[in-house]
Amino acid sequence: MTTARAPGKLMLFGEHGVVYGYPCIVTAISERLVVGPGESRGDTRFIDAAVKAWGKPGETFVAESSFSGKYGFGSSSAVTVATLKAIRSGATNQEVFDTAYKIVLEIQGKASGFDVAAAVYGGTLYYVKDKTIESLPITDIPLVVGYTGIKANTTALIEDVARKRAAEPEKVERIFEAIGKLVIDAKEKMIEANWERVGRLMDFNQEYLRDLGVSSEKLELLISAAKGVGAWGAKLSGAGGGDCMIALVSKEKRQVVEEAITQVGGQVIHITTGAPGVRVDR
Ligand code: PMV
């Protein structure tokens with residue numbers, strides 16, 4: 001019997017806009033989830049849907065994760081992707097992506113699929129919904145990750161933004177457009193490893209997310225703590241409202257930034273970026 005593993009993810013740039021066809025940048029992280037045959041437990045919606053799509057009736061799988069589902073590292077997409085690969089180890093990345101994205105859309109409603117792409121392909125990706133999955137030549141992004149202690153409700157936040165967009169279409173489209181441009185700039189600067197500039201772009205992205213109304217007091221607290229002691233830039237990562245913030249830091253500043261985040265009540269999570277995508281465990 002086969003087991004398969006898939007990585008979690010962190011959104012670096014472009015959340016929310018990506019749902020409406022604007023680009024984003026996501027990185028797969030060293031935290032991962034392993035799925036193999038066994039008695040299903042916990043929230044089995046994604047495993048069940050994967051079995052329904054590709055498995056045999058009555059087949060059960062169990063997921064073991066190196067990270068808590070509460071961080072917002074994309075456990076739902078990672079579990080879906082890993083289950084599909086465990087069922088059909090010969091499936092291509094494209095086949096796994098297409099089926100997993102369909103499952104995530106059915107269960108979660110509106111979603112861009114960026115997290116599914118990270119779980120399948122790994123690395124650091126420039127992603128445009130239904131259009132582009134481009135692997136970027138980037139290794140080792142100097143990130144610090146701070147967890148707010150608050151679980152974000154992604155579906156509710158996506159709906160909030162949709163309501164805002166219906167109420168103020170021009171304003172919200174302008175924000176998405178500005179975020180989209182910034183993502184293209186960030187892609188280039190990340191490839192050049194111009195981290196100082198990438199940090200500035202994170203700050204700009206965070207301003208737009210604030211304007212969209214998806215930041216929170218706790219996120220802002222962690223972000224200002226990181227910035228206050230010299231991070232190049234910082235922003236929320238994902239839907240907002242809670243989950244994690246990320247900060248870009250020099251080697252020299254890493255420790256003080258981590259301490260500052262901890263001091264204001266954040267939990268620092270150590271990860272590495274650009275992890276490999278889904279694979280079969282022999
Ligand atoms: O909350 P997360 O980490 O799943 O990120 C959500 C990012 C959104 O752009 C708001 C939604 C999406 O599916 O792209």
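Heavy-atom basis, side chains included; hydrogens, waters and symmetry copies ignored. Please read these numbers as outputs of a predicted model, since none were measured by experiment. Start at 1 and go down the list; that is how both ligands and their atoms are numbered.
Ligand 1 has a nitrogen or oxygen under 3.5 angstrom from a nitrogen or oxygen of K9. Remark: ligand 1 and T154 share an N or O pair separated by less than 3.5 Å (distance only, no angle test).
For F67, the CZ atom sits in a packed shell: over 12 heavy atoms of surrounding residues, nucleotides or ligands are nearer than 6.0 Å.
Heavy atoms of I158 found under 4.0 angstrom from ligand 1 belong exclusively to the side chain. Neither the backbone nor the side chain of K110 has any atom closer than 4.0 Å to an atom of ligand 1 (non-hydrogen atoms only).
By the 4.5 Å heavy-atom criterion applied to side chains, V26 and D115 are not counted as neighbours. Put simply, the side chain of C24 reaches to within 4.5 Å of the side chain of M11, judged on heavy atoms.
Protein heavy atom closest to atom 6 (C) of ligand 1, with residue, atom name and distance, is A239 N, 3.6 Å. Of the protein's non-hydrogen atoms, the one nearest atom 13 (O) of ligand 1 is S112 N, 2.8 Å. In terms of protein heavy-atom proximity, atom 9 (O) of ligand 1 is nearest to H16 N, 2.8 Å. Residue, atom and distance of the protein heavy atom nearest to atom 7 (C) of ligand 1 are F114 CE2, 3.7 Å.
Residue G72 places a heavy atom under 4.0 Å from ligand 1. Using a 4.0 Å heavy-atom cutoff, K129 is absent from the residues neighbouring ligand 1.
Near V18, meaning under 4.0 Å from any of its heavy atoms, are these atoms of ligand 1: 9 (O), 14 (O). Numbered from 1 in the order shown, with element, the atoms of ligand 1 that lie under 4.0 Å from a heavy atom of E15 read 9 (O). Which parts of ligand 1 touch A111 is read off a 4.0 Å heavy-atom cut-off, strictly below it: atoms 13 (O). Distances below 4.0 Å separate heavy atoms of V19 from the following atoms of ligand 1: 9 (O), 11 (C), 12 (C), 14 (O).
Ring centers of Y71 and F73: under 6.0 Å apart, within the cut-off.
Without hydrogens or angle criteria, T132 side chain to E134 main chain gives no donor-acceptor distance under 3.5 Å.
No side-chain donor-acceptor contact under 3.5 Å links E39 and T60.
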